[in-house]
Amino acid sequence: MRILLADDLAFTDAFEAALRAREPDVELYRWPSLPDDGHFDVLLAWCLPDGLRRLPDSLAFVFCFGAGADQLLSDPRIPSHVPIARLVDENQAAQIADYAAHVGFARLLDQVTVKEDQARALWSEADGPRRTRDQLRVAVLGLGHIGARVASELARLGFSVQGWSRSHKSVPGVETFAGEDGLVTAVEAADVLINLLPLTAETEDILSQKLFARLSSGAYVANLGRGGHLDEAALLGALESGRVGAAWLDAFRQEPLAPDHRFWSHPRITITPHLAGIPTASGAANSLADCIDAFRRGFPLPNLVRPGRI
Ligand code: GLV
């Protein structure tokens with residue numbers, strides 16, 4: 001079986017060794033290298049390279065080298081009969097849970113106000129007892145593999161966690177909601193909002209002025225989904241009014257974020273360049289090997305985002 005690796009993060013000896021440990025007979029090519037006849041069976045990519053204009057008829061499936069596959073699902077170069085499966089990596093989910101916990105703890109300490117006071121050498125004494133974790137309401141949007149992991153880790157840490165997803169899901173320790181009405185209830189009076197939804201026509205611009213208006217005053221918002229989830233003007237307005245106290249942004253409509261974008265210099269925005277969760281060599285290799293095993297046995301691929309027709 002020939003696999004075209006078209007993501008720099010997969011160009012590592014550790015990834016190839018972990019994959020070969022499960023699938024010793026695979027032939028691996030690192031884009032832009034291709035087999036002489038141009039045929040391969042599996043394409044691994046997070047985003048198709050510009051130079052890959054036509055995919056061969058031999059292509060059996062695409063393996064999305066990331067948790068979110070919207071950028072592949074909307075790519076017309078992938079014929080609709082080709083299945084797309086995505087990576088599921090516990091280590092990646094754990095990194096994102098760490099990021100979300102960081103934002104939760106930052107809100108507990110009101111880190112942004114602390115930093116602003118420090119910059120002004122302002123000794124601003126506490127005006128009451130500090131909140132405890134269980135008094136902090138955290139809303140997690142999206143309860144897929146990563147969202148559920150994040151929500152349950154935050155609950156395990158003692159935060160009061162509400163989770164929302166399109167269809168109903170149960171997550172231990174988390175109060176869950178679904179549907180339009182459920183969204184309002186899930187985010188009502190939230191002190192921290194973590195977005196981990198997939199980007200679809202329904203979730204585009206979901207981080208809107210209307211949603212921010214439901215949060216508790218000074219809430220911290222983390223967009224760990226896609227740039228398209230965020231109404232940028234609404235965020236700037238909510239920061240201005242104080243409804244949102246601070247934002248952590250990891251994904252952007254245009255990446256890299258343009259050097260003159262307003263977000264870079266905003267004192268209450270922390271920018272991380274799409275690194276909240278990086279697939280790991282072993283997690284990614286095992287997830288791909290699970291797909292190869294299933295394909296070879298004629299079973300449905302695990303973690304399909306588009307079934308296609310095998
Ligand atoms: C990151 O954005 C991913 O899709 O894994």
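Order of appearance sets the numbers: ligands from 1, and atoms from 1 within every ligand. FYI, side chains are in, hydrogens and waters are out, and symmetry mates aren't considered; it's all heavy atoms of this structure. One is the number of the first residue; the rest follow in order along the sequence.
Under the 4.0 angstrom criterion for non-hydrogen atoms, Arg226 is in contact with ligand 1. Within the 4.0 Å heavy-atom shell around ligand 1 one finds Trp46.
Salt bridge Glu16/Arg30: present, at least one basic N to carboxylate O contact under 4.0 Å. A salt bridge links Arg253 to Asp205: at least one charged side-chain nitrogen sits closer than 4.0 Å to a carboxylate oxygen. One finds a salt bridge joining Arg131 and Asp191 here, because a Lys/Arg side-chain nitrogen approaches an Asp/Glu carboxylate oxygen to under 4.0 Å.
Residue, atom and distance of the protein heavy atom nearest to atom 2 (O) of ligand 1 are His274 NE2, 2.5 Å. Annotation: atom 4 (O) of ligand 1 to nearest protein heavy atom, Gly68 N, 2.8 Å. For atom 5 (O) of ligand 1, the closest non-hydrogen atom on the protein side is Ala67 N, 2.7 Å.
Cation-pi contact between Arg107 and Tyr220: present, with separation from the ring centre below 6.0 Å and deviation from the ring axis of at most 45°.
Between Gly225 and ligand 1, no pair of N/O atoms sits closer than 3.5 Å.
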(request) Run the numbers on Glu240 and Arg268 for salt bridge (charged side-chain N to carboxylate O under 4.0 Å, His left out), then give the verdict. (result) CA-CA 10 Å; Glu240 182 71 32; Arg268 291 184 161 245; over 6 Å; no
